[in-house]
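A short worksheet on the structure shown next.
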Protein chains: 2
Amino acid sequence: MSSLHDHTHCIADALTRADALCAERGARLTALRRRVLELVWSSHRPRGAYAILEDLSQQDGKAAAPLTVYRALEFLVEQGLVHRIESLNAYVGCAAPGNVHSGQFLVCEACGDAAEIDDPGVGTAITAAAAERGFRVQRPTVEVRGLCKSCQETPR
Amino acid sequence: MSSLHDHTHCIADALTRADALCAERGARLTALRRRVLELVWSSHRPRGAYAILEDLSQQDGKAAAPLTVYRALEFLVEQGLVHRIESLNAYVGCAAPGNVHSGQFLVCEACGDAAEIDDPGVGTAITAAAAERGFRVQRPTVEVRGLCKSCQETPR
DNA sequence: GACATGGGTGTTACTTTATAACGCTTCGGC
DNA sequence: GCCGAAGCGTTATAAAGTAACACCCATGTC
């Protein structure tokens, strides 16, 4: 993932899908929220709220307050356009918004990329394990640290 | 879990096992570290570092600095005696130290209890999903939010 | 026993991450 | 055009985590 790919396309794509989804739902994807979404998507690495804040200040010239970013992120997470990576206190664009899901992530320790997967096996196993103990699942969090394929092949 | 059980026993048990494990490994479970472990175990709810810090200050009279607690927690996590719940920035005693594992948790939104499970199905599914994508797993994090059995039966 | 060594702890200061409270503005429905 | 709710700005503050440095004390060595 960290290798070459047309990332500009990833971003444009994400924005287009976001526009469509929000229009469909009647949710307000304001200029600010759209801009924050774009910044989250600036790579496939999870980005911290304060990193995004800095981008806003530096690239757009306006010195925003933390709350500005947090509120936008909150909206984006609610809409399923962005996921929060709990173990990193950071945010990453959702690869497949639209269908609700809570996200499973393979986070590479070397390059920092977070690959989102939606593995039915993992989901099923969690649901089963929970059910066995009478636990009602609301929101599963799966964040796997390790080494991605390309970083195993090209160690630094 | 939040219901009645001899929690004094849980604590005593955890301390005894910790003593044994550290002796066996030649790790130094000092008075401070042992005390912090005891405070982590004061319930089955994950506790924040600052909550533990307050306990130390109030119950023991000595005003400790954050680092004191963080260092003790770091040691305990390394030894596998305590797990960190990423999605809560909090720590909880490990139910089955000794064998290395990274912990899977069912965290109840109502009572706050975090039940540790070690479900082979979940572990296997994650390993398989990762392998399929050429990802080498180092440390899986599984934290499931929802409602525990007793909180479903006795809603508040 | 003296001594060196390294791990553990204390202390101060600081960074990063996140939220509270309040008011103004703007959008969208009527 | 008016109104209510949602969005945004601003200031201040809380919560979580780390850096740097000094001291202490247990341990092993001579």
To the nearest Å, how far apart are B:I52 CD1 and D:dA16 P? 11 Å
Can you tell me how far C1' of C:dG8 sits from CG of B:L73, to the nearest Å? 15 Å
Phosphate OP1/OP2 of D:dA16 contacted by A:N89 side-chain N/O (<4.0 Å): no
What is the distance from CZ of B:R34 to P of C:dG8, rounded to the nearest Å? 17 Å
Report the distance from atom CZ of A:F75 to atom P of D:dG7, rounded to the nearest whole Å. 7 Å
If every non-hydrogen atom of A:Y91 is compared with every non-hydrogen atom of A:V40, which pair is closest and at what distance? O-CG1, 3.9 Å
Measure from CG on B:L88 to C1' on C:dA18 and round the result to the nearest Å. 15 Å
Regarding B:R33, tell me which of base, sugar-phosphate or nothing describes its non-hydrogen contacts under 4.0 Å with the strands shown. sugar-phosphate
Kindly assign one of parallel, tilted or perpendicular to the pair B:Y70 and B:Y50, based on the angle between their ring planes and the thresholds 30° and 60°. perpendicular
Nearest-angstrom distance from the residue atom CG of A:L32 to P of D:dT10: 12 Å
Would B:E86 and B:R84 pass as an ion pair if we require N to O under 4.0 Å? yes
With a 3.5 Å distance limit and no angle check, can you tell me whether B:R133 reaches the backbone of A:K149 through a side-chain donor-acceptor pair? no
So if I take every side-chain heavy atom of B:R28 and compare against C:dG7, C:dG10, C:dC27, which nucleotide ends up nearest? C:dG7
Using whole Å, what does the distance between atom C1' of nucleotide C:dT19 and atom CG of A:L53 come to? 14 Å
Nearest-nucleotide comparison on DNA chain C, the residue closer to the 5′ end among A:L67 and A:A51: A:A51
Could you tell me whether B:E74 and B:R71 have a side-chain N and a carboxylate O separated by less than 4.0 Å? no
Under the 3.5 Å rule, do the base of D:dA14 and the side chain of B:Y50 count as making a donor-acceptor pair? no
Given C:dT9, C:dA18, D:dC8, which nucleotide is nearest the side-chain atoms of A:T30? D:dC8
Have a look at A:R84 and say if it touches a base, only the backbone sugar-phosphate, or nothing, with a 4.0 Å heavy-atom cut-off. sugar-phosphate
Is the base of C:dG10 touched by the side chain of B:R71 through a donor-acceptor pair closer than 3.5 angstrom? yes
May I ask you to verify if any side-chain N or O of A:T68 is less than 4.0 angstrom from the OP1 or OP2 atom of D:dC8? no
What is the separation between atom OH on B:Y70 and atom P on C:dA13, rounded to the nearest whole Å? 19 Å
